[in-house]
Amino acid sequence: MKFLEFQGEVEEVIAQACKAAGYKDAAVEVSLPPNDSYGDLSSAVPIRLAKESGKKPGDMAVAIASKAMELAKKSRYVGGVSPHRGGYLNFTLNRSRFIADSISEISSGDLGATKGKGKLVAVEHTNVNPNKALHIGHARNLVLGDSLVRVMRYLGHQVQALNYVDDSGAQVADIIVGFKFLGLPDEGPAGVKYDVYCGDSVYAKVNQEYVKNPALKEKQSYVLKEIEKGSGEIAEYTRGIVRKILEAQLATCWRMGAAYDLLNWESQLVHSKMWDGIFESLKKMGYVRYQDSGENKGCWVIPDPESGEEKVVVRSDGTVVYVAKDIPYAAWKVGLIPDPFGYEVFSRDQPGGVLYSTALAGGKSHVHFGGVELAVSVIDTRQSYLQRIVAKVLDRLHEGSSRRYLHRSYEVVALSKKTATALGFQIEGEFAHMSGRKGLYVNADTMLDRLKEKAVEETKKRNPSDPDHWVADVAEAVAVAALRYELLKQDPDKMIVFDMEDALQFQGDTGPYLLYTYARARRILDKTEGKPRIDPETAAKLTRPEEVRLAKKMSMLDMSAMTAGEFLSPKEIARFSHELAVSFNDFYERVPVNKEADADLRDARLSLVDASSRVLAESMRLMGVPVRDRI
RNA sequence: GGGCCCGUAGCCCAGCACGGAUAGGGCGUCAGCCUCCGAAGCUGAAGUGCGAAAGCUCAGAGACCGUGGGUUCGAAUCCCACCGGGCCCGCCA
């Protein structure tokens, strides 16, 4: 997009100007000035050069600026250069040319997305144990991961969205114990989603029973062994239950706008024997050791020379621990071992494309997964330690491969005291961590339903004569927008203390604000006579600061996305969207379009409205926030 | 005991990766704005100057950026220590 081109030109001008002034290898750097009265782009290079040469920063800026002004004449977008007495070099845009070019580029459908040329990338996210419904903590994972997938694709990468299904762990076993040994019905009540039933009623109840009746725990390990065996009545039965729960979970994921390319089943990973080969290599290189004495007697362990501690990878009964499942999975992702899987279609109903599933026997291999250049795992911060172990092992298997295996960690979602109390729990501090076992959580669907309820109310108020199905569609979009934006906009390193009442907010820095802003923009296009039209002459009429700011902001989407991709931080897009929406509303309040008498100016403004709203829609799409023409 | 993360107005957050020009938003509070394109929005908050007035002009609420040191011409940003909060360090996943 054009602002990046402008920035490139500015950097070139600075480099050349420094050279001309006798400073050959000056490091070029530019930044957005704190206030646009300084200019459109600034550089502190003279300050640095002054420091090195012992001159005054202001004088240095003047010296560099005099060279830069000449050079700037050859560029397309640099309109002016001025020195600042503090030592800054301030660059201004050739505004009419910049605006005209920006608008035509965007109007032609070029929203800054990179075409092809990217890397093969895997993004793993969601990864919810198939024994319960998604709560808002899982939703944070999904929103982060799915947005990352979208941003990476925008940046031209070829992305595989992976969802790991732990179908052979203790949590699934608990459900089966409930059905097989506590006599709980394996059909939930009518009208209750199956994942909700299993999580709310079965899982919670089984865990209560474990406390009262410790003998029941033995049933759990029996079930676990049966599942691991992979055949027999219990294993077959479990497969059916897991599939049913998973389908219910996927309905929620799809509702939130996430789509996946592949489901990786843990049971298949185990049966693929990928671990065996890796285990052998690790043994050969002496990285894993057998302990014949001490507290880990009979186990295979990975020693950590730094801490002096050791991590068990194979238990004394010969079964593998969780990291030993994550290691082959990671190795498969970055292509350190041959792909043992075939692939089959799991669902064609997924909005956003066919969903595949790993398959050991009978799977076709016309599609390929794994073996990527960059693997990103969206996993909460509590697993950082284990992820570091996985990375270390990858480096042992192939030096440097951990650089291609990135853990995007994020903090958990907790519940505010108010919300926890409303759910019937007594809380000590200001917030409470969610707990599936205790039944202390807010389901993603529950939250979406609450949001939707409120959105129906608000939408009806504004559109009393529209049909119910239309209202419902809009309200659903508003609900998803509100939840996704809320979970995305905050820094992943910060714990979210979720409060039900606060989250029902539709004003201010929220998803619905973006939807509203977009709808306002489309309204102008509907209501105004004339057509969006821009050319160098009419662009010269767009001189109001609100117009210039809006045009500048909209041409920075690609820059935001690049930052988001580089730091695996989609919240960049949230910030950008909000700023763009604020710029638009500022323009909306002060600059008339419909009522503008000058037809050229009106059409130019129309084209600005059209272009900026397209960019807004694109940035919303990158966050998975739905867009509607009218709300 | 070892490690990771957080600490910015009454509340919630941005800015920190790459040190730089007046530390940005949002909620809440108070006061305004729908016979100008959608009020899910926007404007204003002691006041100053001009004017009969509409209005214009300049200014503008709330923050010792957890504390104390250090590096630097310059620190919210980098380094160290401390304080407060959360998390991890299992033959659970």
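A note on names: the letters A, B, ... follow the listed sequences, proteins ahead of strands, and every chain is numbered from 1.
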Rounded distance (Å) that lies between atom C1' of B:G90 and atom CD of A:E309: 11 Å
Are any non-hydrogen side-chain atoms of A:D466 and A:R630 less than 4.5 angstrom apart? yes
Can you tell me which residue among A:L282, A:V313, A:V321 is in a side-chain contact (heavy atoms from CB on, under 4.5 Å) with A:W300? A:V313
Atom-pair distance (NZ on A:K595; P on B:C34), nearest Å: 16 Å
Which part of the nucleic acid, if any, lies within reach of A:T381 when heavy atoms closer than 4.0 Å are counted: base, sugar-phosphate only, or nothing? nothing
Summary of salt bridge (Lys or Arg N to Asp or Glu O under 4.0 Å) pairs that have at least one residue in residues 316-330 of chain A, sequence neighbours excluded: A:E266-A:K325
Side-chain donor/acceptor contact of A:S384 with base of B:C4 under 3.5 Å: no
Base B:A40 to side chain A:T517, donor-acceptor N/O within 3.5 Å cut-off: no
Across the strands shown, which category fits A:R48 at heavy-atom distances under 4.0 angstrom: base, sugar-phosphate, nothing? base
Rounded distance in Å - CD1 (A:I496) to C1' (B:C13): 11 Å
A:K454 side-chain N/O to B:A40 phosphate OP1/OP2 under 4.0 Å: no
To the nearest Å, how far apart are A:K311 NZ and B:C91 C1'? 9 Å
Which is true for A:Y513 with a 4.0 Å heavy-atom rule: it touches a base, it touches only sugar-phosphate, or it touches nothing? sugar-phosphate
Between B:A93, B:C88, B:G86, which nucleotide gets closest to the side-chain atoms of A:E266? B:A93
Do the numbers put A:R520 on top of the ring of A:F584, so that NZ or CZ is under 6.0 Å from the six-membered ring centre and no more than 45° off the axis? no
Among the candidates B:U43, B:C87, B:A93, find the nucleotide nearest to the side-chain atoms of A:N129. B:A93
Classify A:P33 by what it touches in the nucleic acid, base, sugar-phosphate, or nothing, heavy-atom distance under 4.0 Å. base
Considering every strand and a 4.0 Å limit on heavy-atom distances, what is the contact class for A:S42: base, sugar-phosphate, or nothing? base
Distance in angstrom units between A:K553 NZ and B:G24 P, rounded: 15 Å
Look at all strands and tell whether A:R523 reaches a base, only sugar-phosphate, or nothing, counting heavy atoms closer than 4.0 Å. base
Could you tell me whether A:N35 contacts a base, only the sugar-phosphate backbone, or nothing, with contacts defined as non-hydrogen atoms closer than 4.0 Å? base
Could you say whether A:F587 or A:T563 is positioned toward the 5' end of RNA chain B, judged by the nucleotide with the nearest heavy atom to each? A:T563
Touch class at under 4.0 angstrom, heavy-atom based, for A:E295 against every strand present: base
Should A:H433 be listed as having a side-chain N or O under 4.0 Å from OP1 or OP2 of B:C87? yes
Quick one: do A:E458 and A:K461 make a salt bridge, cutoff under 4.0 Å? yes
Of the listed nucleotides B:U22, B:C27, B:G86, the one nearest the side chain of A:F431: B:G86
Report which part of the nucleic acid A:T459 touches: base, sugar-phosphate, or nothing (heavy-atom distance under 4.0 Å, all strands). base
Given salt bridge (Lys or Arg N to Asp or Glu O under 4.0 Å), test A:K225 with A:E228 step by step and report yes or no. CA-CA 5 Å; A:K225 285 204 183 90; A:E228 189 151 338; over 6 Å; no
Determine: side-chain N/O of A:Y329 to OP1/OP2 of B:A93, distance under 4.0 Å, yes or no. no
Between B:A23 and B:A76, how many Å separate the two C1' atoms, rounded to a whole number? 7 Å
Answer with base, sugar-phosphate or nothing: what part of the nucleic acid does A:R462 contact at a heavy-atom distance below 4.0 Å? base
Are A:R315 and B:C92 close enough that a side-chain N or O sits under 4.0 Å from OP1 or OP2? yes
When you get a sec, tell me which of B:C91, B:A40, B:G74 is the closest nucleotide to the side chain of A:K51? B:G74
How is the base pairing of RNA chain B summarised as a dot-bracket string, given the Watson-Crick and G-U wobble criteria with both distances under 3.5 Å, [ ] for crossing and | for another strand? (((((((..((((......[...)))).(((((.......))))).(.((....)).).......(((((..]....))))))))))))....
Pairing of A:D473 and A:K452 as salt bridge, 4.0 angstrom limit: no
Atom CD of A:Q507 and atom C1' of B:A39: how far apart are they, to the nearest Å? 10 Å
Per the glycosidic torsion and the 90° limit around 0, nucleotide B:C34 is syn
Heavy atoms only, 4.0 Å cut-off, all strands: where does A:L525 land among base, sugar-phosphate and nothing? nothing
Rounded off to whole Å, could you give me the NZ-to-P distance for the A:K461 and B:A40 pair? 8 Å
Ring centres of A:Y485 and A:H578 under 6.0 Å apart? no
Could you work out which one of B:A40, B:C73, B:G15 sits closest to the side chain of A:K571? B:G15
Is it true that A:R140 and A:D380 make a salt bridge, defined as a side-chain N closer than 4.0 Å to a carboxylate O? no
With a cut-off of less than 4.0 Å, is there a side-chain N or O of A:R590 near OP1 or OP2 of B:U43? yes
Salt bridge present between A:R48 and A:E29 (N-O < 4.0 angstrom): yes
First of A:Y38 and A:N594 reached from the 5' end of RNA chain B, by closest nucleotide: A:Y38
Under-4.0 Å side-chain N/O to phosphate OP1/OP2 contact, A:R520 with B:A39: yes
Nucleotide B:G26, atom P - distance to OH of A:Y485 in whole Å: 11 Å
Is A:R590 salt-bridged to A:D586, going by a charged N under 4.0 Å from an acidic O? yes
What's A:A455 touching, base or sugar-phosphate or nothing? Going by heavy atoms closer than 4.0 Å. nothing
Scan A:N296 against the nucleic acid and name what it touches under 4.0 Å (heavy atoms): base, sugar-phosphate only, or nothing. base
Report which part of the nucleic acid A:D304 touches: base, sugar-phosphate, or nothing (heavy-atom distance under 4.0 Å, all strands). nothing
